[in-house]
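Quick notes on the structure that follows.
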Amino acid sequence: PNELAKGKDPASGASFPGLEDLVAPDPVAKYDFEENGGTEIANTGTSATAGTLVGENAQWLEAAPAPGGGRYLLFPLGNTYVDTNQTASQLGLQGDVDYTAMAWMWAESEQAGDSSDSMIIGQPEGNAIHLGVRAQQYHFGHWGNDTNSGVTTVTFQEWHHIAWKYENGVQTIHVDGNRVSEGPAGALDNDVNVLIGTTRIDQDRDFVGFLDDVRIYDEALGDADIAIIALAGSGGGGGGSVTDDADGDGQSDEAEGIAG
């Protein structure tokens with residue numbers, strides 16, 4: 001059914017479903033960081049509004065071990081971030097709504113400034129959304145109503161896939177496709193632009209490390225959908241460790257086990 005939803009014909013001999021054909025929705029925003037220069041950051045999600053890179057020290061890198069291959073972006077310490085040029089409501093994050101955000105991250109260390117925050121998705125001011133790392137835990141916050149990853153702590157200097165899902169007033173954190181914590185929380189109430197790589201500008205909350213395949217969905221994905229995207233690797237092209245395909249149908253054995 002999801003192949004049909006994406007305009008593909010599963011009965012065709014030319015149809016070889018990839019992992020993400022198992023996931024029905026397309027993201028509202030998706031940033032793969034494949035530019036290799038400049039300040040315009042492509043958004044291949046359905047909103048298609050390009051982001052703007054702010055700061056002078058970001059670097060595009062293209063070397064193992066990037067998840068799924070391709071380039072990724074280094075965010076150094078010191079007010080380097082991407083302005084999505086879209087507000088929280090335009091991205092489906094604002095108010096009493098469901099959403100999912102996710103990213104591949106390689107964190108250098110805990111934030112080295114005055115704050116213990118190292119935020120991947122945020123806002124420049126106000127009661128800002130803050131999704132990322134706080135005090136060596138994965139963190140999910142709408143300002144004053146937060147959830148952390150509890151006993152699951154951050155492993156620095158390794159690639160990990162992190163997803164934040166908000167559904168029916170509950171925040172859920174997923175690490176490498178696994179649900180690790182959840183808690184009730186009020187909705188985001190701050191309709192200003194959404195940023196990647198920091199929150200609350202000039203308050204030492206910058207993410208320091210590498211980011212790739214940052215996405216925002218305007219609905220709550222199922223746990224299996226999140227696991228499939230994590231298994232697929234950045235870009236969903238069957239990267240990462242998902243390679244075995246015993247029945248030769250183009251869908252990995254591991255993904256078939258998740259999808260049932």
Side-chain angles (χ1 to χ4, degrees), residues 27 29-45 47-86 91 101-124 128-134 136 138-139 154-164 175-176 193-216 229-230 232-237 239-240:
K30 185 173 187 289
Y31 306 93
D32 293 320
F33 303 126
E34 294 293 332
E35 292 79 13
N36 202 28
T39 59
E40 181 173 303
I41 304 298
N43 169 14
T44 58
S47 66
T49 300
T52 301
L53 179 63
V54 178
E56 299 179 354
N57 298 316
Q59 298 179 49
W60 279 266
L61 301 172
E62 186 176 14
R71 296 186 178 95
Y72 51 96
L73 192 59
L74 166 64
F75 288 77
L77 181 66
N79 282 342
T80 298
Y81 59 89
V82 173
D83 189 334
T84 66
N85 297 316
Q86 296 176 90
L91 289 171
M102 60 181 64
W104 280 96
M105 59 156 267
W106 189 102
E108 174 64 33
S109 63
E110 188 177 336
Q111 164 60 259
D114 295 331
S115 167
S116 62
D117 285 0
S118 186
M119 293 299 162
I120 295 171
I121 294 178
Q123 293 176 293
I129 192 171
H130 44 296
L131 313 180
V133 174
R134 171 175 289 174
Q136 299 185 7
Y138 300 102
H139 197 81
V154 178
T155 304
F156 295 107
Q157 300 183 13
E158 291 182 2
W159 282 106
H160 292 282
H161 186 267
I162 316 303
W164 302 267
V175 179
D176 296 329
N193 278 15
V194 175
L195 310 178
I196 298 170
T198 193
T199 199
R200 283 284 192 101
I201 297 173
D202 297 325
Q203 291 192 3
D204 288 324
R205 300 175 187 270
D206 305 331
F207 178 80
V208 181
F210 310 138
L211 292 178
D212 198 8
D213 196 11
V214 178
R215 308 183 188 197
I216 297 172
I229 294 170
S234 180

(message) A side-chain contact here means heavy atoms from C-beta on lying under 4.5 Å apart; do Asp176 and His161 qualify?
(response) yes
(message) With a 4.5 Å cut-off on side-chain heavy atoms, are Trp106 and Gln157 touching?
(response) yes
Answer yes or no: is there a donor N or O on one side and an acceptor on the other, between the side chain of [X] and the main chain of [Y], under 3.5 Å?
X      : Y      : value
Gln136 : Val154 : no
Asp206 : Thr80  : no
Trp60  : Leu73  : no
Asp117 : Arg134 : no
Thr199 : Ile129 : yes
Asp213 : Ala103 : no
Glu35  : Ile41  : no
Gln86  : Val194 : no

For [X] and [Y], work out which heavy atoms get closest and say how close.
X      : Y      : value
Tyr138 : Ile162 : CE2-CD1, 3.2 Å
Arg200 : Ala128 : CG-CB, 4.4 Å
Phe210 : Leu74  : CE2-CD1, 3.5 Å
Phe33  : Val214 : CE1-CG2, 3.9 Å
Phe207 : Ile120 : CD1-CG1, 3.7 Å
Ala29  : Leu91  : CB-CD2, 3.8 Å

Straight-line distance of [X] [atom1] to [Y] [atom2], nearest 0.5 Å:
X      : Y      : atom1 : atom2 : value
Arg71  : Glu34  : CZ    : CD    : 6.0 Å
Tyr72  : Gln59  : OH    : CD    : 10.5 Å
Asp32  : Thr44  : CG    : OG1   : 4.5 Å
Ile216 : Tyr31  : CD1   : OH    : 6.0 Å
Met102 : Ile121 : CE    : CD1   : 9.5 Å
Asp204 : Asn79  : CG    : CG    : 8.5 Å

(message) Assess, by modelled atom type and distance only, whether the side chains of Asn43 and Thr84 contain a donor and an acceptor separated by less than 3.5 Å.
(response) no
(request) Kindly write out the residues that satisfy ring-ring contact (aromatic ring centres under 6.0 Å, His included) with His139, not counting sequence neighbours, or none if the list is empty. (result) His130
(message) Around atom CD of Glu56, are there more than 12 heavy atoms from other residues, nucleotides or ligands closer than 6.0 Å?
(response) no
(message) Testing Asn85, Asn193, Asp83 one by one against Thr52 for a side-chain hydrogen bond (donor to acceptor under 3.5 Å, both in side chains), which residue passes?
(response) Asn85
(request) Just do the side chain to side chain contact (heavy atoms under 4.5 Å, CB included) check on Thr198 and Met119 with the steps written out, would you? (result) CA-CA 5 Å; Thr198 193; Met119 293 299 162; 5.9 Å; no
